[in-house]
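Working notes, beginning with the structure itself.
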2 protein chains.
Amino acid sequence: MSQYFEKRLTEAGLKKTKHRLLVLNILNATKTFLSMDDIFNQAIKVEPTISFSTVYRILEMLSSHHIVKEVNVDISKQTLYELAHDDHTHHLICLRCHKVIHVEGCPIHDYQDAVASKHNFTMTNHNLDFYGYCKQCETQQNK
Amino acid sequence: MSQYFEKRLTEAGLKKTKHRLLVLNILNATKTFLSMDDIFNQAIKVEPTISFSTVYRILEMLSSHHIVKEVNVDISKQTLYELAHDDHTHHLICLRCHKVIHVEGCPIHDYQDAVASKHNFTMTNHNLDFYGYCKQCETQQNK
DNA sequence: GTAGGTGCAAAGAGTTTGCATACGC
DNA sequence: GCGTATGCAAACTCTTTGCACCTAC
């Protein structure tokens, strides 16, 4: 997997540093969104000398190259991060455990076109996030 | 209109103060989302002695009573606010002028049910926001 | 009169930047 | 060796809170 990330960095004209690969591997290893803090706390276990501003600048740079995606969802006031996927997905976000389920496919492309044309609006993208409770949390909540 | 807001405050068991009514009227008068700063700057023109923390606490309280809705969208890192509407709407948000167009109707209720059942997820709500350029901005951008 | 609302000032949390040093190419 | 990446520390922005005074009910 690291090889894939090295390739992506090279393609983007970025140097392959251990810190960048570390951040990418952390993002790849998790299935939920991560905050700057989350990533830093995981990173420092592997590279004790890494600093917060390095993680900050790595995420900023990877975002600007569309290798990482910034996410603003209602489970946190902080900016969260995930690896950018080529495929268009939406999210089911558990309000309790904050697990994120990626849902492939998109039901609204036709609708988007219709609304855009009705309102003379040029669409560039959309966000669709669902909030609720995953099966485990739903069960525990009822106890 | 103020009478309507007075009624809502009373119903929520909140005192009717001039500051609260002012904040509500400011939110009502605008068609875009407003940040704390925006609201404070408009408020201080009418009530020069109002303080930032008052506006902050008013918005917090109105949000908790579902009279005002907090909105997190990608045009600002700040929390934005709008009056809560009873009807379920989605937004077209202009990335250039930040105008917000409310779109009634929702194309995804059926889809939501299908996805929820497929993933054993209990849905409570969803966000669907469209980003792009309104007609005026699209025209100007091409100049 | 009393409970709740407000103003002021300061603290917290999260984010961003400047600069000297270290490292990838 | 050159130019970019990093570490450290401090600044900045936005948000939140404590406390004394004030106002709606």
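First the proteins, then the strands, lettered A, B, ... as listed; each starts at 1.
One finds no side-chain N or O of A:T79 lying less than 4.0 angstrom from the OP1 or OP2 phosphate oxygen of C:dG14. Residue B:H19 places no side-chain N or O under 4.0 Å from the OP1 or OP2 atom of D:dT23.
Among residue pairs with one or both ends in residues 34-43 of chain A, none qualify as salt bridge (charged side-chain N to carboxylate O under 4.0 Å, His left out); sequence neighbours excluded.
Between the P atom of D:dT16 and the CD atom of A:Q78 lies a distance of 12 Å, rounded to the nearest Å. What separates NZ of B:K77 from P of D:dC12 is a distance of 19 Å, to the nearest Å. Between A:L62 atom CG and D:dT4 atom P there is a gap of 17 Å when expressed in whole angstrom units. The interatomic distance linking B:L80 (CG) with D:dT15 (C1') rounds to 14 Å, in whole Å.
The two residues A:S63 and A:Y81 make their nearest non-hydrogen contact at OG-CE2, 4.0 Å.
No more than 12 heavy atoms of other residues, nucleotides or ligands lie within 6.0 Å of CD in A:E104, so this atom counts as exposed by the packing criterion.
No continuous path of ILVMFWY side-chain contacts below 4.5 Å connects A:I93 to B:I108, so the two sit in separate hydrophobic clusters.
Aromatic ring centroids of A:H126 and B:H90 lie 6.0 Å or more apart. Remark: aromatic rings of B:H102 and B:H85 are close, center separation under 6.0 Å.
Interface residues of residues 36-61 of chain A facing DNA chain D, ordered by number: A:T49, A:I50, A:S51, A:S53, A:T54, A:R57, A:I58; criterion, heavy-atom separation under 4.0 Å.
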Q: If a protein heavy atom is under 4.0 Å from the base, mark B; if only from the sugar-phosphate, S; if neither, -; do that for nucleotides 20-25 of chain C going 5' to 3'.
A: ----BS
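Residue-level contact check: A:S35 touches neither bases nor backbone, having no heavy atom under 4.0 Å from any strand.
Ring geometry for A:F40 against A:F52 counts as perpendicular: the plane angle is over 60°, on a 0 to 90° scale with 30° as the lower cut.
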